[in-house]
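Positions are given from 1 along the sequence.
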Amino acid sequence: MESAAQVPSPPDAAGRVFGDRLPGAVAFAGLLAEHGVPRGLIGPREVERLWDRHLLNSAVIAEVLPQGCRVVDVGSGAGLPGIPLAIARPDLELTLLEPMARRVTWLNEVITELGLAVTVVRGRAEEVAVRKQLGGCDVVTARAVAPLERLAAWCLPLLRPGGQLIALKGASAAEELDRDAKAVARAGGSRQRVAVCGADVLEMPTTVVLVERDEIAVRRDAGRGRRKDR
């Protein structure tokens, strides 16, 4: 079993990203190192890359989040990017959405251990009950969940008009956006663009796709709902 002692020391960038909340990030890295592999949350080779590939990669998207916004992290899994965001930005109203019971258990254990003001909901973004419970949020985040076409269809309905989907993607983000732009627009996404987060602190910054929920799409969906109610 991996142990917390094997976690690499936080790089200098961690102090710049987390500031005085760095101890919380160190504690989360320790929990992931100890429990992540045996509980199927991360692969065996990921322990040595926890900081750069996971914690910092997730936390730097905080720079594009408005102060005090309501965030839903879809498919939170091991808690990425949601837990690093909660540590770095305690002003956020953050909900972790995860369908798998064992991962929900893990997430609840982590937020209790770290004393985070975070809510965990079991479910999928496309479920009607979830949309009723969590709809109208300011931001939806997603990391390694699905291709952009499907992600937009699942996540955009959770957003308020003008709310933003932030999808963490890799180097092929621009190609994926080019491929799926029309489908994303059909799902109600506008102002689609690729952005880089953490360029001033990370050797390999985080690439994200930003998509805004179009107000016209919101009115269209509302109209469909009214017709169904008649």
Side-chain angles (χ1 to χ4, degrees), residues 58-76 80-86 88-99 117-169 173-174 176-197 206-230:
S58 296
V60 293
I61 71 169
E63 67 187 47
V64 295
L65 296 179
Q67 188 75 16
C69 67
R70 182 179 165 216
V71 182
V72 176
D73 182 31
V74 168
S76 199
L80 303 165
I83 297 296
L85 279 178
R89 289 280 302 277
D91 61 287
L92 301 176
E93 183 182 339
L94 210 150
T95 298
L96 309 180
L97 179 64
E98 168 57 45
V118 174
T119 300
V120 181
V121 172
R122 185 182 179 189
R124 300 179 185 276
E126 63 269 32
E127 295 172 353
V128 174
V130 168
R131 290 181 176 179
K132 287 182 177 179
Q133 180 180 359
L134 302 179
C137 66
D138 302 303
V139 174
V140 170
T141 58
R143 182 179 189 262
V145 172
L148 196 57
E149 177 179 3
R150 277 187 283 161
L151 199 61
W154 295 341
C155 297
L156 289 175
L158 291 174
L159 291 163
R160 62 167 174 76
Q164 191 167 68
L165 167 63
I166 303 176
L168 285 75
K169 296 289 184 179
E176 185 172 348
L177 183 57
D178 286 343
R179 183 194 69 205
D180 293 347
K182 291 182 179 179
V184 172
R186 286 195 298 270
S190 65
R191 299 184 183 178
Q192 307 171 29
R193 63 187 179 94
V194 174
V196 172
C197 299
T206 302
T207 303
V208 299
V209 175
L210 305 176
V211 180
E212 188 173 303
R213 191 180 187 198
D214 194 290
E215 292 195 37
I216 295 176
V218 175
R219 293 196 297 269
R220 181 184 64 216
D221 291 347
R224 287 174 179 169
R226 286 194 295 271
R227 287 195 294 274
K228 288 178 182 179
D229 291 340
R230 288 177 180 173

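In this structure, A167 and L151 approach most closely via the heavy-atom pair CB-CD2, 3.6 Å. Taking each heavy atom of L148 and K169 in turn, the nearest pair found is N-NZ, 4.0 Å. The heavy-atom pair separating A173 from V209 by the smallest distance is CB-CG2, 4.0 Å. A125 approaches L158 most closely through the heavy-atom pair CB-CD1, 3.9 Å. Of all non-hydrogen atoms in L156 and G188, the two that sit nearest each other are CD1-C, 3.8 Å. In this structure, A152 and L165 approach most closely via the heavy-atom pair CA-CD2, 4.3 Å.
Rounding to the nearest 0.5 Å places OG1 of T119 at 7.5 Å from CD of E93. Taking OG of S76 as the reference point, atom CG of L85 lies at 9.5 Å (rounded to 0.5 Å). The structure places CZ of R124 at 13.0 Å from CZ of R131, a figure rounded to the nearest 0.5 Å. Interatomic distance, CD of E176 versus OG1 of T207, reported as 11.5 Å (0.5 Å rounding). Separation of atoms CG (D138) and CZ (R213) is listed at 13.0 Å; rounding is to 0.5 Å. R193 CZ to E212 CD: the interatomic distance, rounded to the nearest 0.5 Å, is 9.5 Å.
For R179, the CZ atom sits in a packed shell: over 12 heavy atoms of surrounding residues, nucleotides or ligands are nearer than 6.0 Å.
At least one side-chain heavy atom of L134 sits under 4.5 Å from a side-chain heavy atom of R70. Residues L159 and Q164 fail the side-chain proximity criterion, which asks for heavy atoms closer than 4.5 Å. Contact check for S190 versus V211: no side-chain heavy atoms found under the 4.5 Å cut-off. Using a 4.5 Å heavy-atom cutoff, the side chains of L96 and I83 are in contact. The closest side-chain heavy-atom distance from E149 to V184 is not below 4.5 Å. Using a 4.5 Å cut-off on side-chain heavy atoms (C-beta onward), D73 and P81 make contact. The side-chain heavy atoms of L92 and C69, taken from C-beta on, include a pair separated by under 4.5 Å.
In terms of modelled atom types and a separation under 3.5 Å, the side chain of R143 and the main chain of G82 share no donor-acceptor contact. No donor-acceptor pair under 3.5 Å is formed between the side chain of Q192 and the backbone N or O of L177.
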Could you go through the side chain to side chain contact (heavy atoms under 4.5 Å, CB included) check for V64 and V139 one step at a time? CA-CA 10 Å; V64 295; V139 174; over 6 Å; no

